[in-house]
Structure formats: structure tokens, C-alpha cells
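Single-structure report; data block below.
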There are 2 protein chains.
Amino acid sequence: MALDKIDRKILTLLQKDATMPVAEIGRKVGLSTTPCWRRIQKMEEDGVIQRRVAVLDPAKVNVGVTVFVSVKTNEHNDAWMRKFAGVVDEFPEVVEFYRMSGDVDYLMRVVVPDIGAYDAFYKRLIGKINLTDVSSAFAMGQIKYTTALPLDFAIVVDDDK
Amino acid sequence: MALDKIDRKILTLLQKDATMPVAEIGRKVGLSTTPCWRRIQKMEEDGVIQRRVAVLDPAKVNVGVTVFVSVKTNEHNDAWMRKFAGVVDEFPEVVEFYRMSGDVDYLMRVVVPDIGAYDAFYKRLIGKINLTDVSSAFAMGQIKYTTALPLDFAIVVDDDK
DNA sequence: TCTCGTGAGCAATTTTATTGCGTAACTTTG
DNA sequence: CAAAGTTACGCAATAAAATTGCTCACGAGA
């Protein structure tokens with residue numbers, strides 16, 4: 001599952017634009033179409049590349065507002081966590097959800113059109129599961145957002161190129 | 001720029017899997033290839049669809065740890081904000097960056113291999129820009145992560161279908 | 001040196017994307 | 001009410017890209 005320099009170049013390109021023809025990717029990384037294609041296939045099979053998706057403009061689909069919701073709880077057992085996860089999964093407004101260390105127990109990122117919609121979401125959420133300590137922080141603006149992960153840390157075997 | 005029910009169905013599919021052939025998308029939304037293709041083109045031109053990207057498995061590229069970094073500052077001017085934004089842009093580890101209301105001024109999501117790498121990142125960051133009040137919260141696990149935005153709020157004109 | 005395993009490339013072949021053209025439904029206007 | 005324009009559809013042809021089969025070259029180990 002190790003990635004060499006060419007693999008990482010390919011991934012860098014695909015993280016930016018997954019519509020680029022394999023022939024062009026090959027050209028950019030110094031490979032002909034076939035071996036380049038095979039490398040991509042392998043990375044998909046290995047699960048390094050999970051999927052290819054369309055990224056939409058949040059404002060254009062009317063979810064320009066991001067809210068970070070912190071949750072503290074007393075229920076520190078696995079069953080409750082699963083239930084919470086299940087509930088959250090039902091809400092498409094929740095685009096990210098983390099179990100945290102430290103001060104808060106869970107953190108989620110929620111996208112909505114405006115404050116009013118957030119309030120409606122909030123009511124629906126607490127209707128589905130009992131949450132005691134919830135705190136919401138509104139983002140005034142998204143300065144950076146990328147789906148591209150840094151590849152500088154990827155495991156490498158042979159990296160002389 | 002309004003989206004009807006068919007457009008939203010198309011977007012739902014493309015947000016899940018952008019490799020699906022247009023013919024198949026058309027079949028699923030009850031349209032032949034051409035009009036379906038034209039709708040997709042239009043949404044790309046309109047910027048509703050921003051891009052198509054490959055999504056990688058964080059663990060497989062060795063950035064399995066997410067850290068949320070909160071920043072408070074006294075510098076509440078536009079120039080400083082731009083500088084900060086510029087600095088952050090240089091760091092591929094920072095995948096999201098928000099200007100916040102309330103308690104903290106900025107919030108960023110950082111992905112790294114481990115605590116040690118986070119510390120190294122932190123040192124590099126504060127070497128680039130003077131930050132006084134920084135607080136880091138580690139995620140113990142990612143329970144949900146999706147690039148798919150909810151389409152329930154999208155602006156609609158004619159939605160009788 | 002011989003043989004095997006790994007990657008590369010060329011040249012089909014198959015799949016998809018893209019375009020040209022004609023038709024039907026709905027709207028606007030005289 | 002009908003003519004004319006606009007919009008969206010579908011079929012069929014064309015162009016582009018993905019995918020596969022086969023062969024060749026290189027380096028490691030017997």
C-alpha cells in the first residue's frame with residue numbers, strides 16, 4: 001500500500017480534478033496511459049482513493065452558513081455513542097461529526113441556509129435524542145475549504161525519483 | 001439558477017459518485033442522455049457544481065488524526081486577516097478554516113499523522129505568524145464525514161414533480 | 001546465465017461523452 | 001385565437017476516453 005512519487009503526483013492531480021483524462025495525467029507524471037491507468041485502478045482497489053464526487057457550491061444550494069456544534073454528555077458508553085451516531089446520520093445537515101478528547105465530547109459541523117434553519121435543525125435534533133450540554137458557534141465565513149489531503153506524510157518505500 | 005426536482009436528483013447522485021455515466025444518471029432520474037448531460041453542463045457553468053474530485057482515505061495516506069485549532073486574537077482588522085489567510089493557505093495540513101463569531105475568532109481543522117506531527121505543524125505555524133491565544137482539540141475519531149451537501153434547502157421554482 | 005516477477009508501452013476494442021438535428025409543450029404577443 | 005419564440009426533450013451520429021490483450025525491458029534470486 002506504499003505510494004511512490006508518481007503515485008503521489010497522480011493523487012495530487014486527482015484530488016484537484018478527477019475529470020482529467022488518464023492520458024493527460026500520464027503525460028504530466030511522465031507515464032503512458034496504460035501504466036498510469038493501472039496505478040489508478042490499484043489505488044482504487046486498495047481504497048486509497050475512496051470515491052470520486054462532485055463538489056457543490058454551498059451558497060448556490062442555499063447552505064451558506066456553517067455552525068459548529070459542541071456536545072458534552074454524561075453518557076460515556078458505547079451504546080449511547082452508537083445511538084447518537086445513528087441519529088446524526090439521519091441529518092444531512094450534519095456534514096462532519098467527531099468524537100473529541102478534552103473539554104467537549106462531540107463536535108459536529110452543520111450546514112444550513114440561515115440562523116432560523118439552524119434553530120429548526122436544533123429542535124429536531126434534540127427531539128431525537130436527549131442532549132444536555134450543547135453549544136453552537138457560528139462561522140462568519142469560510143476562508144479555506146478543501147477535500148485534498150496533504151500527501152507529504154504518505155508512506156513511501158522507494159522514493160529516489 | 002433555480003433547481004427543479006430532477007436537478008436535485010442529479011446532484012444527489014453526483015455527490016455520491018461522480019463517475020456514474022450520464023446515460024445511467026438519466027435513466028435513474030427519468031431522462032434520456034442528452035437532456036441530462038445538458039443539465040449537468042449548465043450546473044457546471046453556473047458554478048453549482050464547482051468541481052469533481054477524488055476523495056482519499058485519510059488513514060491510508062497517513063493523516064488519520066484531526067485536530068481542531070481555535071485561535072483568539074486582538075488583531076481585528078482586515079489586513080491581518082488576509083495575512084493569516086495567506087499563511088494558512090500555505091499549509092496543506094489545514095483543510096478547513098473559518099472566521100468565527102463569539103468566543104473564538106478563527107477555527108481550523110488540521111489533519112496530521114499523529115501528535116508529534118501536530119506539534120511540528122504548530123511550531124511551523126507560529127513561526128510564520130504571531131498568534132497569542134491558540135487552543136487545540138484532538139478528535140478521537142471521525143464518526144461522519146461527507147462532502148455531500150443537503151439539497152433540501154435549494155431554491156426551487158417549479159416543483160410539482 | 002536462466003527464470004520469474006514487476007512495470008512499461010503499443011494497438012485494438014469497448015464505453016462514454018458530445019454534438020447536430022428535429023419534435024412537442026408552453027408562453028408571449030398581435 | 002393563432003403565429004412565433006422559447007425551452008426541454010429524444011434519436012442518431014461522431015469524437016473522446018477508458019479498458020483490455022499482448023509484448024518488451026529490467027532487476028532479483030536460483
Side-chain angles (χ1 to χ4, degrees), chain A residues 1-57 60-61 147-148 151 154-161, chain B residues 1-57 60-61 147-148 151 154-161:
Chain A
M1 205 201 64
L3 305 170
D4 67 9
K5 202 155 196 168
I6 292 180
D7 289 324
R8 279 177 292 154
K9 275 189 186 177
I10 293 172
L11 291 178
T12 298
L13 292 169
L14 286 179
Q15 282 196 119
K16 279 186 174 296
D17 177 12
T19 68
M20 187 181 292
V22 179
E24 188 179 342
I25 296 173
R27 196 169 45 67
K28 294 200 178 190
V29 305
L31 228 52
S32 74
T33 305
T34 306
C36 184
W37 182 81
R38 296 217 163 111
R39 279 166 180 262
I40 294 170
Q41 290 308 306
K42 181 163 192 315
M43 292 193 282
E44 288 182 342
E45 281 166 24
D46 292 349
V48 174
I49 297 173
Q50 284 187 323
R51 58 216 321 222
R52 291 150 187 257
V53 301
V55 176
L56 310 189
D57 182 329
K60 299 244 166 97
V61 295
T147 55
L151 298 175
I155 311 298
V156 172
V157 265
D158 168 18
D159 205 25
D160 39 9
K161 289 193 178 176
Chain B
M1 203 201 65
L3 306 170
D4 67 9
K5 202 155 194 169
I6 293 179
D7 289 323
R8 281 178 290 153
K9 275 190 187 177
I10 292 172
L11 291 178
T12 299
L13 292 170
L14 286 179
Q15 284 196 118
K16 279 187 173 297
D17 177 12
T19 67
M20 187 180 293
V22 180
E24 187 179 344
I25 297 172
R27 194 167 47 67
K28 294 201 179 190
V29 305
L31 226 54
S32 74
T33 306
T34 306
C36 184
W37 183 81
R38 296 221 163 106
R39 280 167 180 261
I40 294 171
Q41 291 306 307
K42 182 164 191 312
M43 291 192 284
E44 287 182 344
E45 281 166 22
D46 292 349
V48 174
I49 297 173
Q50 285 187 323
R51 58 215 322 222
R52 292 152 186 254
V53 302
V55 176
L56 310 189
D57 182 329
K60 298 241 167 101
V61 295
T147 55
L151 298 174
I155 311 298
V156 173
V157 264
D158 167 17
D159 204 23
D160 40 8
K161 288 192 178 179

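Every chain is numbered from 1, with letters handed out A, B, ... down the list of sequences.
Close to C:dT18, at under 4.0 Å from its OP1 or OP2, lies no side-chain N or O of B:R38. At C:dT18, one or more side-chain N or O atoms of B:W37 fall inside 4.0 Å of OP1 or OP2 (strictly under the cut-off).
Side-chain contact between A:E24 and A:K28 is present, with at least one heavy-atom pair separated by less than 4.5 Å. Within the 4.5 Å cutoff, the side chain of B:I49 has no heavy atoms near those of the A:V55 side chain. In this structure, the side chains of B:I10 and B:L13 stay at 4.5 Å or more apart for every pair of heavy atoms.
The separation between B:I25 atom CD1 and D:dC9 atom C1' is 17 Å, rounded to whole Å. D:dA17 atom C1' lies 14 Å from atom CZ of B:R52, rounded to whole Å. Look at CZ on A:R39: it is 18 Å from C1' on D:dT19, rounded to the nearest Å. Going from atom CG of B:L31 over to atom P of D:dA8 covers 11 Å, rounded to whole Å. Summarising the geometry, the separation between CE on B:M20 and C1' on C:dA17 is reported as 16 Å, rounded to the nearest angstrom. The NZ atom of A:K5 sits 19 Å away from the P atom of C:dG7 (whole-angstrom rounding). The distance between atom CZ of A:R27 and atom P of D:dA18, rounded to the nearest whole Å, is 13 Å. As rounded to whole Å, 14 Å separates atom P of C:dT16 from atom CD1 of B:I40.
With D:dG10, C:dG9, C:dT19 as the choices, the nucleotide that has an atom nearest any side-chain atom of A:P35 turns out to be C:dG9. When the nucleotides D:dA17, C:dG9, D:dC9 are ranked by their closest atom to the side chain of A:P21, D:dA17 comes out on top.
To the nearest 0.5 Å, atom NZ of residue B:K60 and atom CG of residue A:L11 are 12.5 Å apart.
Evaluated for a side chain to side chain donor-acceptor pair (under 3.5 Å) with A:E44, the options A:R39, A:R51, A:R52 yield exactly one hit, A:R52.
Residue A:T33 places no side-chain atom within donor-acceptor reach of the base of D:dT19, judged by atom type and a 3.5 Å distance cut-off alone. Side chain B:S32 to base D:dC11: no donor-acceptor pair is found below 3.5 Å.
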